[in-house]
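What follows is one structure encoded as structure tokens, with my remarks underneath.
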There are 2 protein chains.
Amino acid sequence: MKLSNQAQAFVLHFGEMGSRWGFNRTVGQMFALLTIHNEPVNADQLAEALKISRGNVSMGLKELQAWRLIELHHQPGDRKDYFTAAGSIWDLARTVFEERRKRELDPTLTLLRQLLLTEPRDEQESVAQEKIQEVYSLLEMLDQFANTLSKLDEKDLLKLMKLGSGLNKLLDLKSKATGSSAKKNSTRK
Amino acid sequence: MKLSNQAQAFVLHFGEMGSRWGFNRTVGQMFALLTIHNEPVNADQLAEALKISRGNVSMGLKELQAWRLIELHHQPGDRKDYFTAAGSIWDLARTVFEERRKRELDPTLTLLRQLLLTEPRDEQESVAQEKIQEVYSLLEMLDQFANTLSKLDEKDLLKLMKLGSGLNKLLDLKSKATGSSAKKNSTRK
DNA sequence: CTTAACTTTCAGAAATTTCTGAAAATTGTA
DNA sequence: TACAATTTTCAGAAATTTCTGAAAGTTAAG
């Protein structure tokens, strides 16, 4: 399978960015390739196109499956496994987002919850405990917010993201409508 | 400088999570330590507490400064440089968020913009071009949304994140109030 | 200017991650 | 069951990242 210059550039870039997005270079390249390619691709084709070993492809595919980013297909009369990206670009982005939330927040929330169970023994520990509590509260809120966003359907998500500075107004609207947080906010430092 | 068990656990965990958050183990540890510690800390203290070399501390501090996560201070009569976390937990989270947006989105947006300039030569390239366009649109929107969030003040951000399922209702409210996107949405596939 | 205190740099060592390729395992077909 | 096609595994090689520590650089004080 031959890649056009454009596809090549796209694939290589996703390889380089891979580590920032949570996977290694070749996994990033494989994902990019499956994303711009419409037809299902098999492991040998990936190995050839990306010039990497067959074993590496096998491991990469396993990782992409763990991320739920690819789907397995079969061609009639061909015993090979074929893969495609799992859904639309939108679906993929959502999956990456959810998966990263899990990997980047959950372990930390678990640890912090545990640290907050022990009583501080002295002044020093008390200060640390407070900080840990603050970090926990913030991350936990972030986690829930990310969850909320994940659950929105494409239409609403699009609406929200396109709001821009309109978001401010909408939030104003909300407090006026309910009056729920007006008092609290007036006591801020 | 001696760390309590709790502080130790916190610091080690942030070291391990470091790579997922964009920095290496010792940088993560240094950041965690400066975050739970109220008093300014100097490089020798960091090296001792974390049991790492003085040179490594120097490099780590430089990186944390590049992230704008720490601040330099001086104690009267002491020539050493002292550091603290740059602001409240909230400030730090915001900074990490902004910095990651820059590192994870900007380079890709730049590349994709460039790829979209060249005309597709055949059917294959045309399909790829379309996909690239989709990826670009999505990331660009995400980037702007992240920017919008960054600009909200703490109060509004808190309000937004606490909305939970109320977000749906608010978005409904919005379309009813303006009617701006009602037509567009009805044409979705 | 000199010195001592402190910080930075960077070559190479150590640690970690990624990759290869041959062998083992699995699977469908006859 | 036997066999051939295909995938997976994994030990060690290669590549990359991180870390050390000694030397070089900087700066303030006398």
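Values in this document were obtained by computation on a predicted structure and should not be read as measured data. Proteins come first, then strands; the chains are lettered A, B, ... in the order of their sequence lines, and each starts at number 1.
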Between atom [atom1] in [X] and atom [atom2] in [N], what is the gap in whole Å?
| X | N | atom1 | atom2 | answer |
| --- | --- | --- | --- | --- |
| A:D81 | C:dG28 | CG | C1' | 12 Å |
| A:Q45 | D:dT7 | CD | P | 11 Å |
| A:K80 | C:dG28 | NZ | C1' | 14 Å |
| A:L64 | D:dT8 | CG | P | 13 Å |
| A:E63 | D:dT7 | CD | C1' | 18 Å |
| A:Q29 | C:dC19 | CD | P | 8 Å |
| A:M30 | C:dT18 | CE | C1' | 14 Å |
| A:N24 | D:dT17 | CG | P | 12 Å |

When we call it a touch if two heavy atoms are under 4.0 Å apart, what does [X] touch: a base, just sugar-phosphate, or nothing?
| X | answer |
| --- | --- |
| A:D44 | nothing |
| A:D78 | sugar-phosphate |
| B:L61 | nothing |

- Can you tell which of A:E125, A:Q124, A:Q129 makes a side-chain hydrogen bond (donor to acceptor under 3.5 Å, both in side chains) with B:Q6?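 Considering A:E125, A:Q124, A:Q129, a side-chain hydrogen bond (donor to acceptor under 3.5 Å, both in side chains) with B:Q6 is found only for A:Q129.
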- Query: So is A:R103 actually on top of A:W67's ring, under 6.0 Å and inside 45° of the axis?
  - Reply: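 Pair A:R103/A:W67 counts as cation-pi.
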Do the side-chain N or O atoms of [X] get closer than 4.0 angstrom to the phosphate oxygens (OP1, OP2) of [N]?
| X | N | result |
| --- | --- | --- |
| B:N56 | D:dT20 | yes |
| B:K51 | D:dC19 | no |
| B:T26 | D:dC19 | yes |
| A:K62 | D:dT7 | no |
| A:R54 | C:dG21 | no |

- Task: Using the closest heavy atom to pick a nucleotide of DNA chain D for each, name whichever of A:N42 or A:M59 lands nearer the 5' end.
- Result: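 Its nucleotide being nearer the 5' end, the pick is A:N42.
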- No-hydrogen, no-angle side-chain donor-acceptor test under 3.5 Å, B:N56 and B:S53: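 No, no side-chain donor-acceptor pair sits under 3.5 Å.
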- Message: Treating B:S150 as the side-chain partner and B:A146 as the backbone partner, does any N or O pair qualify as donor plus acceptor under 3.5 Å?
- Response: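 Yes, B:S150 side chain to B:A146 backbone: donor-acceptor pair under 3.5 Å.
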- Test for a donor-acceptor pair under 3.5 Å between the base of C:dT18 and the side chain of A:R25, counting only N and O atoms.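 Answer no: no donor N or O sits under 3.5 Å from an acceptor.
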- Any donor-acceptor pair under 3.5 Å between the side chain of A:R79 and the base of C:dT29?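 No, the side chain and the base share no sub-3.5 Å donor-acceptor pair.
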- Message: With a 4.0 Å cut-off on N to O distance, would you call A:E154 and A:R94 a salt bridge?
- Response: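 Here A:E154 does not pair with A:R94 in a salt bridge, since their nearest N and O are not under 4.0 Å apart.
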